[in-house]
Amino acid sequence: MSEVRVRFAPSPTGFLHIGSARTALFNWFFARHMGGKFFLRIEDTDKERSKQEFLEEILSSLKWLGLDWDGELVFQSKRTEFYRTQAQKLIDKGLAYPEENAIRFRVPKSGKVGFEDMLHGRIEFDLEQHGSLAEDLVIFKSDGSPTYNFAVVCDDADMGITHVIRGDDHIMNTPKQIPVYEALGLKPPIFCHIPLILGADRSRMSKRHGATAIREYLEQGFLPDAIVNYLSLLGWSPGNNEEILSREELVKKFDLSRVLKTGAVFGKDKLEWVNGQYVRKLAVPVLTDLLLPSLKKRGYAPETWDRVWLEKLVTLHHERIFMLAQFPDLAQFFFDDKIEYDQVAREEFLRDPRLKDAFLKYAQTLEGLASFDTKSVEEASRALMKALGLTGKEFIHPC
RNA sequence: GACCCCAUCGUCUAGCCUGGCCUAGGACAUCACCCUUUCACGGUGAUGACGCGGGUUCGAAUCCCGCUGGGGUCGCCA
């Protein structure tokens with residue numbers, strides 16, 4: 001088989017959505033696994049909604065996830081002449097016609113249109129009983145730009161795309177695109193419609209289900225490798241019980257034919273667990289560097305703090321962090337003396353009458369220590385604890 | 001509504017193609033216990049699923065049909 005060529009084709013009309021990222025990821029895995037090419041095409045034919053900031057956001061999110069692409073970016077907005085040439089071919093053949101300022105493609109009105117989907121097998125549509133397929137397809141809008149369904153066909157063929165891996169919300173677009181391929185005398189690619197990522201109510205994931213933009217996960221302190229790992233497990237599995245897999249292992253094991261046909265609910269609990277697994281694998285100096293931004297965001301200036309001390313602090317919390325942004329809350333007592341005490345904790349832990357003189361005694365005990373080191377502090381603490389008749393929990397929380 | 005897709009624990013999934021090894025395995029979450037002077041990490045265990053009904057077969061989670069349920073699409077948006 002010839003070289004595999006796939007593409008991810010986002011529209012710069014919003015941030016990179018977690019679902020789109022998963023589609024991009026599966027394309028990328030497939031390309032890298034097969035030793036093929038992964039291209040990026042920017043579908044910016046909607047002049048109103050396409051924004052430069054969104055394009056930058058999408059590209060930086062892809063880079064953050066480690067999804068590198070081959071070749072130059074392809075901008076649909078720069079290829080209008082190409083689409084126009086293609087449309088003219090159809091007009092010349094009598095397969096398309098101008099209507100007002102738009103151009104419509106004459107779609108076949110009877111018979112069947114079908115295709116062999118890599119995941120679903122044969123999917124077929126009966127044109128006579130399918131309402132939305134009956135109307136002639138607009139391929140050029142009256143503002144002079146091509147429509148999605150037309151530009152996609154022209155580009156996928158022109159770019160030599162061999163496999164179109166996209167969300168299954170595109171299944172109904174496929175019977176619109178296939179006749180265009182045929183009319184243009186082009187060979188359709190292999191289609192593979194993968195299920196969408198769902199929210200808790202099993203409808204396609206959107207803002208009301210929680211964070212959907214990749215950048216939000218970055219801000220909350222998720223690690224890109226963890227996101228990649230978690231996303232790869234949504235709708236796919238290596239076939240055994242392995243769950244924590246490195247990027248290299250994923251590329252090696254990824255098999256498009258093992259992708260599930262069922263939509264998967266995005267579960268933050270498990271993502272957090274996966275992220276925690278990755279956090280624990282990090283070396284302390286590396287983790288410390290990753291923690292700096294969250295500290296700065298809180299208004300602290302960690303770069304002025306003693307590095308050795310900071311790393312000790314990070315070591316102390318290493319096992320507790322599952323999202324980087326938690327750190328300032330977790331460790332605030334060590335670097336912020338202006339914090340408010342926890343009212344609930346106060347009620348829960350300070351009511352015990354046995355604690356009455358505990359603070360004073362503890363302070364005296366510590367002051368009387370010959371040397372202030374881990375061993376003697378611990379021994380003195382244990383002794384006092386025992387003398388007061390307190391358990392570890394009763395003693396540690398208040399003191 | 002029409003068309004299309006889908007259907008294993010609460011969630012992510014293994015098993016399904018190539019029926020028997022499945023009294024359905026793993027993970028997250030939950031609960032209990034262990035470890036631990038707190039929390040957390042780690043360990044052990046518990047709860048928990050083949051949507052329903054018909055077939056086919058000696059035998060079905062696995063194959064077929066129907067039903068039900070859920071989702072998606074019906075733009076000069078992409």
Side-chain angles (χ1 to χ4, degrees), chain A residues 9-14 20 43-46 48-50 76 99-104 117 119-121 123-135 137-152 166-176 193 195-204 230-244 257-258 260-274 276-277 279-280 316-322 330 345 349 378-379 381-386 390-399:
Chain A
S11 285
T13 53
S20 303
E43 314 223 313
D44 52 356
T45 51
D46 186 330
E48 295 291 308
R49 299 198 300 143
S50 297
Q76 290 192 324
E99 181 189 75
E100 293 173 15
N101 286 318
I103 301 174
R104 281 180 186 270
D117 188 278
L119 243 57
H120 302 275
I123 298 181
E124 214 159 59
F125 303 84
D126 189 326
L127 296 174
E128 282 170 63
Q129 54 173 304
H130 194 94
S132 74
L133 257 34
E135 201 171 309
L137 186 72
V138 173
I139 56 176
F140 257 87
K141 304 176 224 169
S142 50
D143 71 356
S145 59
T147 58
Y148 166 76
N149 279 123
F150 186 62
V152 163
R166 55 174 28 164
D168 64 18
D169 51 329
H170 282 287
I171 288 182
M172 298 305 283
N173 278 145
T174 314
K176 294 180 184 175
H193 292 95
L196 301 172
I197 289 185
L198 280 23
D201 62 0
R202 304 207 77 88
S203 67
R204 94 190 272 173
Y230 176 70
L231 248 25
S232 74
L233 260 24
L234 243 36
W236 176 83
S237 86
N240 49 30
N241 290 330
E242 290 179 280
E243 302 216 89
I244 301 299
S257 69
R258 281 192 57 84
L260 261 17
K261 292 188 280 191
T262 336
V265 173
F266 183 87
K268 199 160 181 203
D269 282 348
K270 190 147 186 177
L271 204 210
E272 289 175 349
W273 174 77
V274 170
Q277 296 294 310
V279 168
R280 253 151 257 143
L316 197 56
H317 293 84
H318 202 169
E319 304 284 281
R320 274 160 261 247
I321 300 169
F322 56 87
L330 239 36
F349 300 112
E378 180 172 344
E379 280 172 0
S381 302
R382 279 178 192 275
L384 178 63
M385 211 175 93
K386 200 175 173 188
L390 295 168
T391 64
K393 185 176 183 175
E394 288 165 339
F395 179 74
I396 286 180
H397 276 285
C399 297

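Proteins get letters first, then strands, A, B, ... in listed order; numbering begins at 1 in each.
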For B:A78 versus B:G25, give the span between their C1' atoms, rounded off to a whole number of Å. 42 Å
Assuming nearest nucleotide by heavy-atom distance, tell me which of A:Lys270 and A:Gln129 is located more 5' along RNA chain B. A:Gln129
Distance between P atoms of B:U62 and B:A7 (Å, rounded): 12 Å
Other residues, nucleotides and ligands only: do more than 12 of their heavy atoms fall within 6.0 Å of CD on A:Glu124? yes
What is the pairing partner of B:A27, taking Watson-Crick or G-U wobble pairs with both distances under 3.5 Å in any strand? B:U11
Starting at the 5' end of RNA chain B and moving along, which residue's nearest nucleotide shows up first, A:Asp126 or A:Tyr230? A:Asp126
Output for pair (A:Thr13 OG1, A:Glu48 CD), nearest 0.5 Å, gives 12.5 Å
How far does the C1' atom of B:G59 sit from the matching atom of B:A14, given to the nearest Å? 22 Å
Spacing between A:Glu128 atom CD and B:C4 atom P, to the nearest angstrom: 14 Å
A side-chain contact here means heavy atoms from C-beta on lying under 4.5 Å apart; do A:Val152 and A:Arg166 qualify? yes
Identify the nucleotide, in any strand shown, that forms a Watson-Crick or G-U wobble pair with B:G53, with both distances under 3.5 Å; if there is none, say none. B:C65
Taking the same atom, P, in B:G69 and in B:C64, what whole-Å distance lies between them? 23 Å
Atom pair CZ/CG of A:Phe150 and A:Leu137 - distance to nearest 0.5 Å: 9.5 Å
Is there a donor-acceptor pair under 3.5 Å between the side chain of A:Arg202 and the backbone N or O of A:Val265? no
With both distances under 3.5 Å as the test, what is the Watson-Crick or G-U wobble partner of B:A32? B:U44
A:Ile171 CD1 - B:C4 P separation (whole Å): 11 Å
Protein-nucleotide distance (A:Ile197, atom CD1; B:U13, atom C1'), rounded to Å: 15 Å
Before giving the answer on side-chain hydrogen bond (donor to acceptor under 3.5 Å, both in side chains), spell out for A:Asp143 and A:Ser145 the whole-Å C-alpha distance, their side-chain angles and the decisive distance to 0.1 Å. CA-CA 6 Å; A:Asp143 71 356; A:Ser145 59; 2.6 Å; yes
Using the P atom as the point on both nucleotides, what is the distance between B:G55 and B:A61, in whole Å? 15 Å
Which letter, B, S or -, goes with each nucleotide of nucleotides 14-20 of chain B from 5' to 3', with contact meaning a protein heavy atom under 4.0 Å? SS-----
What distance, rounded to whole Å, do you find between the two C1' atoms, one in B:A29 and one in B:C9? 12 Å
Check: A:Asp168 and A:Leu196 side chains under 4.5 Å, non-hydrogen atoms: yes
Nearest-angstrom distance from the residue atom CG of A:Asp269 to C1' of B:C9: 16 Å
For B:A78, which nucleotide is its Watson-Crick or G-U wobble mate, given both distances must be under 3.5 Å? none
Within a strict 4.5 Å, meaning less than it, do heavy atoms of the A:Ser237 and A:Arg258 side chains meet? yes
Measure the distance from CG on A:Leu271 to C1' on B:A27 and round it to the nearest whole Å. 14 Å
Reported CD1-to-CD1 distance for the pair A:Ile123 and A:Ile171, which is rounded to 0.5 angstrom: 4.5 Å
Spacing of CD belonging to A:Gln277 relative to CD belonging to A:Glu243, to within rounding of 0.5 Å: 9.5 Å
Suppose you measure atom P in B:G26 against the same atom in B:U18; what distance do you get, rounded to whole Å? 28 Å
What's the closest nucleotide to the A:His120 side chain, out of B:C12, B:U37, B:C5? B:C5
Gap separating the CG atom of A:Leu233 from the NZ atom of A:Lys270, nearest 0.5 angstrom: 6.0 Å
Between B:U56 and B:C65, how far apart are the C1' atoms? Round to whole Å, please. 11 Å
Base, sugar-phosphate, or nothing for A:Gly276, non-hydrogen atoms under 4.0 angstrom? nothing
Both distances under 3.5 Å, Watson-Crick or G-U wobble: report the partner of B:U38, or none. none
Rounded interatomic separation in angstrom, taking CZ from A:Phe322 and P from B:A27: 20 Å
How does each nucleotide of nucleotides 62-78 of chain B score, in 5' to 3' order, for protein heavy atoms under 4.0 Å: base (B), sugar-phosphate only (S), or none (-)? ---------SBSS-BBB
Find every protein N or O atom lying less than 3.5 Å from an N or O atom of nucleotides 41-44 of chain B, and list the pairs.
residue : atom : partner  : partner atom : Å
B:C41   : O2'  : A:Glu319 : OE1          : 2.8

Indicate yes or no: at least one non-hydrogen side-chain atom of A:Phe125 is less than 4.5 angstrom from one of A:Thr174. no
Is there a side-chain polar atom (N or O) of A:Lys261 under 4.0 Å from OP1 or OP2 of B:C6? yes
Using whole Å, report how far NE2 of A:His193 lies from C1' of B:C4. 11 Å
Are any non-hydrogen side-chain atoms of A:Phe140 and A:Ser142 less than 4.5 angstrom apart? no
Rounded to the nearest 0.5 Å, the NE2 atom of A:His193 sits from the CG atom of A:Asn173 at a distance of 7.5 Å
How many Å lie between CZ on A:Phe266 and P on B:C28, as a whole number? 17 Å
Using Watson-Crick geometry (N1-N3 plus N6-O4 or O6-N4) or G-U wobble (N1-O2, O6-N3), each under 3.5 Å, B:C3 is paired with B:G72
